[in-house]
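Positions are given from 1, in the same order as the sequence printed here. This is a predicted model, so every value here is computed, not measured. Just the heavy atoms: all of them, side chains too, but no hydrogens, waters or symmetry mates, feed the values below.
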Amino acid sequence: MSKASIKITSIPGTTATVSRSERIAALFSKINQGQYDTEGSLMTLMKNAETKGEDKILKAVQQRLRKVFPKLYRRYVGPITLRDPLGSKSCYCTKPISLHSIAHDILSMSIPTEALQCDLCWDEDISVAWGIYGPFGAKMIDKRTWTAICHERGDVKYATH
């Protein structure tokens, strides 16, 4: 018996072997049917799919998150709709990322200049990330870092060089 198959004995005296691909297909169908529609189980499935490199399962979980928990989808995957699908800008409108990634950009002070200049990015991405990960939310971003980001935005958007 190979490592990828599991022996199942449901009735005494009989055995059935289920391959890994069959288990993945069964999990995929259960996700799409909504059998894992709780916040905890979807987040656990997403984390496990990312660590094991299961792209098909990851996409299925992300689609369920999008349908059942849109706020979690926005926080960990990305925006529900694209604001600039033609790509006329070079900011978060064109290259959408999750609020969690934006919070890491804020912490590392690496927000793109175009995103600091764009009012939509500021209103719908950067400020929302501050609200979720700031001192009144998850407490990841401190006020000093936020103040520095605000000063940088002011310099980039309003100061003439």
I would like to know whether Leu65 and Tyr76 meet side-chain contact (heavy atoms from CB on, under 4.5 Å); could you show each step before the answer?
CA-CA 10 Å; Leu65 272 176; Tyr76 294 110; 5.7 Å; no
What are the two closest non-hydrogen atoms of [X] and [Y], and how far apart are they?
X	Y	result
Cys121	Ala115	CB-O, 3.5 Å
Ser127	Trp122	OG-O, 2.8 Å
Leu27	Leu45	CD1-CD2, 4.1 Å
Ile57	Ile24	CD1-O, 3.8 Å
Arg74	Glu124	NH2-O, 3.5 Å
Tyr92	Ile97	CE2-CD1, 3.6 Å

Less than 4.0 Å between a side-chain N and a carboxylate O, is that true for Asp119 and Arg153?
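Yes, Arg153 and Asp119 are salt-bridged.
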NZ/NE/NH1/NH2 to OD/OE distance under 4.0 Å, Glu152 and Lys157:
no
How far does [atom1] of [X] sit from [atom2] of [Y], to the nearest 0.5 angstrom?
X	Y	atom1	atom2	value
His104	Ile141	NE2	CD1	9.0 Å
Met43	Arg75	CE	CZ	8.5 Å
Asp142	Ile106	CG	CD1	11.0 Å
Asp105	Ile111	CG	CD1	6.5 Å
Lys59	Ile31	NZ	CD1	13.5 Å
Ile126	Cys150	CD1	SG	9.5 Å

Among residues two or more places apart or on two chains, list those pairs meeting ring-ring contact (aromatic ring centres under 6.0 Å, His included) that have a residue in residues 30-72.
none
Does NZ or CZ of Lys139 lie under 6.0 Å from the centre of the six-membered ring of Tyr133, at an angle within 45° of the ring axis?
no
pair Cys91-Pro112: side-chain heavy atoms closer than 4.5 Å
no
Is the backbone N or O of Lys47 less than 3.5 Å from a side-chain atom of Glu50, with the two atoms forming a donor-acceptor pair by type?
no
Under a 3.5 Å distance rule, please check whether Thr147 uses its side chain to pair with a backbone N or O of Lys143 as donor and acceptor.
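Yes; at least one donor-acceptor contact below 3.5 Å.
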Polar side chain donor-acceptor pair, Arg64 to Tyr73, under 3.5 angstrom:
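Tyr73 and Arg64 do not have a side-chain donor-acceptor pair below 3.5 Å.
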Using only heavy-atom distances, determine whether the side chains of Ser101 and Ser98 contain a donor-acceptor pair under 3.5 Å.
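Indeed, the side chains of Ser101 and Ser98 share at least one donor-acceptor pair under 3.5 Å.
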Apply side-chain contact (heavy atoms from CB on, under 4.5 Å) to residues Asp123 and Val128 and explain how you reach the verdict.
CA-CA 7 Å; Asp123 292 340; Val128 174; over 6 Å; no
Do Leu99 and Leu120 belong to the same hydrophobic cluster, where Ile, Leu, Val, Met, Phe, Trp and Tyr are linked whenever their side-chain heavy atoms lie under 4.5 Å apart, directly or via other members?
no
When clusters are formed by joining ILVMFWY residues with side-chain heavy atoms under 4.5 Å apart, either directly or through shared neighbours, do Met109 and Leu116 land in the same one?
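Yes, Met109 connects to Leu116 through the hydrophobic network.
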Does Lys95 form a side-chain contact (heavy atoms from CB on, under 4.5 Å) with Ser90? I'd like the steps, not just the answer.
CA-CA 7 Å; Lys95 302 169 187 151; Ser90 181; 3.2 Å; yes
Just to verify, what does Gln63 make a side chain to side chain contact (heavy atoms under 4.5 Å, CB included) with, not counting sequence neighbours?
Arg66
Between Asn48 and Thr51, is the side chain to side chain donor-acceptor pair (under 3.5 Å) condition met? List the steps.
CA-CA 5 Å; Asn48 290 342; Thr51 55; 4.6 Å; no
Show your working on salt bridge (charged side-chain N to carboxylate O under 4.0 Å, His left out) between Lys71 and Glu39 and close with a plain yes or no.
CA-CA 11 Å; Lys71 289 183 179 180; Glu39 181 179 333; over 6 Å; no
